[in-house]
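Below you'll find the structure, written out as structure tokens, and then a few comments.
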Amino acid sequence: MKVLIGTRNPHKLAECLRILGEIPGIEWVTFRESPFPEVPEEGESLEENAAKKAQELARLTGLPTLAEDSGLEVAALGGAPGVRSARFAGDQKDYRANNEKLLSLLSGVEDRRARFRTVAALALPDGRLWLREGGLEGEIARALRGTGGFGYDPLFIPIGEARTLAEMSPEEKDAISHRRRALERMRPLLLALASGGIPEEGGPL
Ligand code: ITT
């Protein structure tokens, strides 16, 4: 069965493909084989945006679609940038500008606590929907460090770590990431989908 991975972000796509790996009975389709338009992210929550991306792309392509919306929530900023993480410093989705804005807002701020959150959504062309989430707690570094990963990784130090996510290998990031946790919670549903026995929608996030 073909399942579309509904992201146009190449870094996210690479992480999703690495984390999901081979699932018996599923052939992953990406925007490279099946180009699709950007779905506007206008929702007020990661849940809303993930659901909208998955449902619109499933309807458009006729394929079961796995999409996700992720965000960085910083305690001292009341949970910002959150659902606006991609466009924190403007519509051009510029990682460096986003990181610089975050560093300047936190300049002189002692409370550096933050977390990444991913909400994964699986939608069928008939509109049925399943959501699962994963999080990673940590803190915001005082300067950019490392060249791995993407987005806010050079500023995010997971709890219990000295390094930022960008200083870790891809495998080290994958082992603990918010994306990993959300997709692992999605895996049983994907296995069930492939074997024709997916449960009714709903269930815990
Ligand atoms: P799609 O909507 O096509 O999936 P996007 O980049 O717009 O791609 P999001 O709306 O989920 O995806 O944007 C989330 C932003 O949060 C992303 O652009 C990064 O800046 C950041 N982000 C998400 N996951 C991250 C991660 O694992 N590490 C660092 N930053 C991340």
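Note that these values count all heavy atoms, side chains included, but never hydrogens, waters or copies made by symmetry. Positions are given from 1 along the sequence. Just so you know, ligand 1 is whichever comes first in the structure, and atom 1 is the first atom listed for that ligand.
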Identify, by atom number and element, the atoms of ligand 1 in contact range of [X], meaning under 4.0 Å from any of its heavy atoms.
X    : answer
R179 : 23 (C), 24 (N), 25 (C), 26 (C), 27 (O)
A86  : 13 (O), 15 (C), 18 (O)
T7   : 1 (P), 3 (O), 4 (O), 8 (O)

Nearest protein heavy atom with distance in Å, relative to [atom]:
atom                    : result
atom 3 (O) of ligand 1  : R8 N, 2.9 Å
atom 16 (O) of ligand 1 : S85 CB, 3.4 Å
atom 28 (N) of ligand 1 : D153 OD1, 2.6 Å
atom 5 (P) of ligand 1  : K93 NZ, 3.8 Å
atom 25 (C) of ligand 1 : F150 CZ, 3.4 Å
atom 21 (C) of ligand 1 : Y152 CD1, 3.7 Å
atom 11 (O) of ligand 1 : K12 NZ, 2.8 Å
atom 8 (O) of ligand 1  : N9 CB, 3.4 Å

Salt bridge between [X] and [Y], side-chain N to carboxylate O under 4.0 Å?
X    : Y    : answer
K12  : E15  : no
D94  : R96  : no
E139 : R113 : no
D174 : R180 : no

Just to be sure I'm reading this right: ignoring hydrogens, which of K173, E68, R87, K53 gets closest to atom 27 (O) of ligand 1? Compare them by their nearest heavy atoms. K173
[X] and [Y]: which non-hydrogen atoms are nearest, and at how many Å?
X    : Y    : result
A141 : I157 : CB-CD1, 3.8 Å
L191 : P24  : CD2-CD, 4.1 Å
E38  : R8   : N-NH1, 3.5 Å

Is there a nitrogen or oxygen of H178 sitting under 3.5 Å from a nitrogen or oxygen of ligand 1? yes
Indicate yes or no: does an N/O atom of E41 lie under 3.5 Å from an N/O atom of ligand 1? yes
Can you establish whether the number of heavy atoms outside E33 located under 6.0 Å from its atom CD is more than 12? yes
Say whether S70 and R179, considering side chains only, have a donor N or O and an acceptor N or O under 3.5 Å apart. yes
Logged contact type for F116 with ligand 1, heavy-atom cut-off 4.0 Å, is side chain
